[in-house]
Amino acid sequence: MDNRLRELREQMGWSQAALAERLEVSRQTINALETGKYDPSLPLAFRIAKLFDESIESVFIYHEP
């Protein structure tokens with residue numbers, strides 16, 4: 001699954017650490033999400049979308065296998 005997390009974070013002028021703090025996760029989690037090494041849980045995906053005032057579908061892009 002692709003995502004726009006880095007793009008959205010950079011638009012806000014936030015570091016990975018600043019975003020992690022807002023979402024109450026580690027900076028490593030943000031890095032793993034941005035590099036596609038980790039897909040978020042559904043609750044985390046909702047928190048991310050809400051933080052950026054976006055729909056989940058606009059933040060996370062699912063591709064059929």
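In what follows, residues are counted from 1 in the order of the sequence shown. The analysis underlying the following values was restricted to heavy atoms, covering all of them including side chains, and did not include hydrogens, waters or symmetry mates.
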Requested in this report: Please answer whether the main-chain N or O of W14 pairs with a side-chain N or O of R9 as donor and acceptor at a distance below 3.5 Å.
Outcome: yes
Please report, to 0.1 Å, the donor-acceptor pairs under 3.5 Å made by any side chain of residues 36-50, with sequence neighbours excluded.
from: S41; atom 1: OG; to: L44; atom 2: N; distance (Å): 3.2
from: R47; atom 1: NH2; to: L23; atom 2: O; distance (Å): 2.4

Report task. Looking only at non-hydrogen atoms, find the nearest pair between R27 and A17 and report the distance. Result -> CG-N, 3.8 Å
**Report entry** With sequence neighbours excluded, residues passing side-chain contact (heavy atoms from CB on, under 4.5 Å) with Q11
**Finding:** E7, L8
Query raised in the report: Which residue pairs pass the salt bridge (charged side-chain N to carboxylate O under 4.0 Å, His left out) test with at least one member in residues 11-20, sequence neighbours excluded?
Result: none
Report task. List in chain and number order the residues that pass salt bridge (Lys or Arg N to Asp or Glu O under 4.0 Å) with E21, two or more places apart in sequence or in another chain; answer none if no residue qualifies. Result -> none
Please tabulate, one pair per line, all N/O donor-acceptor pairs under 3.5 Å involving side-chain atoms of residues 51-65, not counting sequence neighbours.
from: E54; atom 1: OE1; to: S58; atom 2: OG; distance (Å): 2.8
from: S55; atom 1: OG; to: S58; atom 2: N; distance (Å): 3.1
from: S55; atom 1: OG; to: S58; atom 2: OG; distance (Å): 3.4
from: S58; atom 1: OG; to: S55; atom 2: N; distance (Å): 3.3
from: S58; atom 1: OG; to: S55; atom 2: O; distance (Å): 2.9
from: H63; atom 1: NE2; to: D2; atom 2: OD2; distance (Å): 2.7

Report summary line: Residue set satisfying side chain to side chain donor-acceptor pair (under 3.5 Å) with R22, at least two apart, ordered chain then number -> none
Query raised in the report: When rounded to the nearest 0.5 angstrom, what distance separates CG in L33 from CG in L5?
Result: 6.0 Å
